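For reference, the structure is listed below as structure tokens.
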Number of protein chains: 2
Amino acid sequence: MATGRTHRPATRSRGIPEATVARLPLYLRALTALSERSVPTVSSEELAAAAGVNSAKLRKDFSYLGSYGTRGVGYDVEYLVYQISRELGLTQDWPVVIVGIGNLGAALANYGGFASRGFRVAALIDADPAMAGKQVAGISVQHSDGLEKIISDNGVSIGVITTPPGVAQQVCDRLVAAGVTSILNFAPTVLTVPDGVDVRKVDLSIELQILAFHEQRKAGEEAAANESAVPAPAGRADSTDQGPDGDVPAVMPA
Amino acid sequence: MATGRTHRPATRSRGIPEATVARLPLYLRALTALSERSVPTVSSEELAAAAGVNSAKLRKDFSYLGSYGTRGVGYDVEYLVYQISRELGLTQDWPVVIVGIGNLGAALANYGGFASRGFRVAALIDADPAMAGKQVAGISVQHSDGLEKIISDNGVSIGVITTPPGVAQQVCDRLVAAGVTSILNFAPTVLTVPDGVDVRKVDLSIELQILAFHEQRKAGEEAAANESAVPAPAGRADSTDQGPDGDVPAVMPA
DNA sequence: TTATGTGAAGTGTTTCACAGCC
DNA sequence: GGCTGTGAAACACTTCACATAA
């Protein structure tokens with residue numbers, strides 16, 4: 001790990017916990033829905049239910065932003081929408097480039113949730129010359145040769161990588177060199193970036209694997225109802241427990 | 001925090017922390033890459049670097065699984081691949097249905113990371129009659145009328161929802177009624193499910209919003225950069241930390 | 001000597017419970 | 001009375017640092 005010096009936000013009084021930041025978009029979505037239905041105010045209990053969290057957590061989260069509620073009443077929907085938007089930086093325009101226009105890149109380009117939240121797809125970029133000029137989501141795909149120019153011309157600071165894993169790092173390097181400082185990575189690879197650049201990743205298969213873990217545990221629990229403490233030989237290759245369905249095929253596919 | 005009704009008896013130490021479970025797929029991916037290069041053993045330091053975490057965390061994580069390493073040497077790659085796969089439940093076959101074959105559904109159907117990890121796309125389902133019969137990723141799309149039958153015939157316990165938000169809840173209800181107990185939701189909606197059903201969500205725009213927050217913070221810091229003479233020598237450059245860590249629960253009891 | 005495995009310390013997050021204000 | 005805002009307690013997760021084993 002680099003012993004960089006880009007220290008922690010010296011963001012004085014503005015220290016909003018990461019966990020809270022990660023939930024703000026959730027609240028914002030719920031609030032936007034209320035706003036569209038012209039609901040004027042909402043209680044922490046109602047809003048928490050709509051966002052899928054509990055109300056104590058929501059109130060604590062909001063307390064980091066300031067005191068935007070009214071005791072005995074609740075929160076003003078419009079006001080809160082604005083405050084959260086501002087806090088997240090969504091009151092400004094964020095030009096974004098998407099690199100790698102396969103199925104996923106196209107899905108993102110078409111995704112409505114971006115435009116409505118301050119994100120503007122400034123360009124779709126692909127390395128395949130055959131893609132250049134094609135229209136995706138109403139935008140003309142450009143060849144990756146022009147990546148650097150596109151980024152500087154549009155003042156892009158956020159890049160989305162939806163390329164195959166093999167080229168993700170080099171795309172990342174070019175994006176960073178061109179001035180991008182935030183990257184959303186959908187390629188199943190660990191990206192190395194200099195200090196000061198943020199990377200967030202979304203790995204579609206990781207989520208499924210986590211579900212499989214819990215699913216397996218559920219299945220195992222049913223059977224484990226009778227069987228209690230396993231003496232456990234404690235030798236080497238045993239874990240505390242074993243797979244539920246006994247037989248397992250060899251190892252992983254190569 | 002899987003607070004199910006069915007809470008585990010006194011089944012000792014079956015408790016792998018959620019944070020650890022969420023990283024196992026990461027380790028598995030790194031290990032698979034090593035395995036493909038026929039690397040026989042790996043140290044916690046090397047593997048941690050490949051997975052994008054620090055080595056202390058990795059060793060702690062592995063300690064929950066058992067003592068699978070050799071002091072002074074490291075970990076046997078193949079053995080560890082197997083142990084993690086087994087722990088995650090990937091040594092068994094998981095038939096999955098994907099409901100909503102738009103851009104995103106198609107992207108997922110084509111995603112290679114599934115098949116190689118024990119997930120098998122049992123069916124692609126769409127409500128649009130015009131989609132029925134079309135081939136996507138070599139699989140014929142089926143109309144949603146047959147959803148219940150498909151699920152029971154194939155013993156599907158994991159469903160992926162890639163529909164528009166407006167119909168996500170009703171699709172979810174049908175999946176659950178048909179026997180699905182784990183759901184991966186890509187629709188930007190909070191799903192309500194009965195106890196015992198796991199939901200994980202992936203919201204593409206939430207990740208971007210979190211990036212925007214940090215991006216905005218960076219911009220603000222530049223201005224305040226001159227004043228702090230960078231005290232704290234122990235500070236660490238936080239970047240390098242990729243991962244929707246703040247991943248909000250997503251599951252939860254009614 | 002090397003690198004794992006793990007108590008203990010440190011840090012971050014959630015929940016509780018109630019004071020404070022409308 | 002009702003609901004927010006928040007210290008304090010509980011819990012979860014990470015990091016440290018070193019005993020332990022090959």
Side-chain angles (χ1 to χ4, degrees), chain A residues 1 3 8-9 11 13 15-24 26-27 40-49 51-77 79-80 83 234-237 239-240, chain B residues 1-3 13 15-24 26-27 40-49 51-77 79-80 83 232-238 240-241 243-253:
Chain A
M1 75 194 72
T3 319
R8 233 9 180 21
T11 338
S13 42
I16 301 180
E18 263 309 300
T20 295
V21 172
R23 281 187 296 265
L24 292 181
L26 233 54
Y27 301 142
T41 60
V42 67
S43 69
S44 63
E45 204 72 58
E46 293 164 333
L47 182 54
V53 305
N54 76 54
S55 65
K57 194 186 283 183
L58 177 143
R59 288 200 304 279
K60 188 61 136 181
D61 283 342
F62 286 179
S63 78
Y64 294 116
L65 307 183
S67 290
Y68 295 147
T70 306
R71 291 168 202 239
V73 178
Y75 302 90
D76 181 277
V77 173
Y79 185 55
L80 206 45
Q83 291 299 344
R236 71 240 3 346
S239 69
T240 359
Chain B
M1 286 177 182
T3 315
S13 66
I16 300 180
E18 262 308 300
T20 295
V21 172
R23 281 187 296 267
L24 291 181
L26 233 53
Y27 301 143
T41 60
V42 67
S43 69
S44 62
E45 204 73 58
E46 294 164 331
L47 183 54
V53 304
N54 75 55
S55 65
K57 194 185 283 184
L58 177 143
R59 289 200 302 278
K60 188 60 133 184
D61 284 342
F62 285 179
S63 79
Y64 294 115
L65 307 184
S67 291
Y68 295 149
T70 306
R71 291 172 203 236
V73 178
Y75 301 91
D76 180 277
V77 172
Y79 186 55
L80 204 46
Q83 290 299 344
R236 42 181 288 94
D238 56 15
T240 320
D241 186 18
D245 228 314
D247 206 353
V248 192
V251 143
M252 275 315 66

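Since the model is a prediction, treat every value here as computed from it, not as a measurement.
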Nearest whole angstrom, please: distance from the C1' of C:dT6 to the NZ of B:K60.
-> 5 Å
Of the listed C:dT14, C:dG7, D:dA22, the closest approach to the A:K57 side chain comes from C:dT14
d(OH, B:Y27; P, C:dT4) in whole Å = 13 Å
Any idea which of D:dT14, D:dC13, C:dT14 is nearest the B:R23 side chain?
-> D:dT14
In whole angstrom, give the distance that lies between atom CD1 of B:I16 and atom P of C:dG5.
-> 14 Å
Of the non-hydrogen atoms in B:Y27 and B:L47, which two are nearest, and what is the gap between them?
-> O-CD1, 4.4 Å
Check whether any side-chain heavy atom of B:Y68 sits under 4.5 Å from a side-chain heavy atom of B:Y79, and report yes or no.
-> yes
How many Å lie between CG on B:L58 and P on D:dT15, as a whole number?
-> 12 Å
Roughly, in whole Å, what's the span from CG in A:L65 to C1' in D:dG5?
-> 12 Å
Quick note, B:A19 side chain, CB onward, closest among C:dA8, C:dT14, D:dC13 is D:dC13
Can you tell which of C:dC16, D:dT4, C:dT13 lies closest to the side chain of A:S44?
-> D:dT4
Compare the minimum distances between each of C:dC22, D:dT4, D:dA17 and the side chain of A:Y75, then state the nucleotide with the smallest one.
-> D:dT4
Would you mind telling me which of C:dT15, D:dT4, C:dT4 lies closest to the side-chain atoms of A:R71?
-> D:dT4
Taking atom C1' of C:dT6 as reference, at what distance in whole Å does atom OH of B:Y68 sit?
-> 17 Å
At their closest point, which heavy atom of A:A48 faces which heavy atom of A:N54, and how far apart are they?
-> CB-C, 3.7 Å
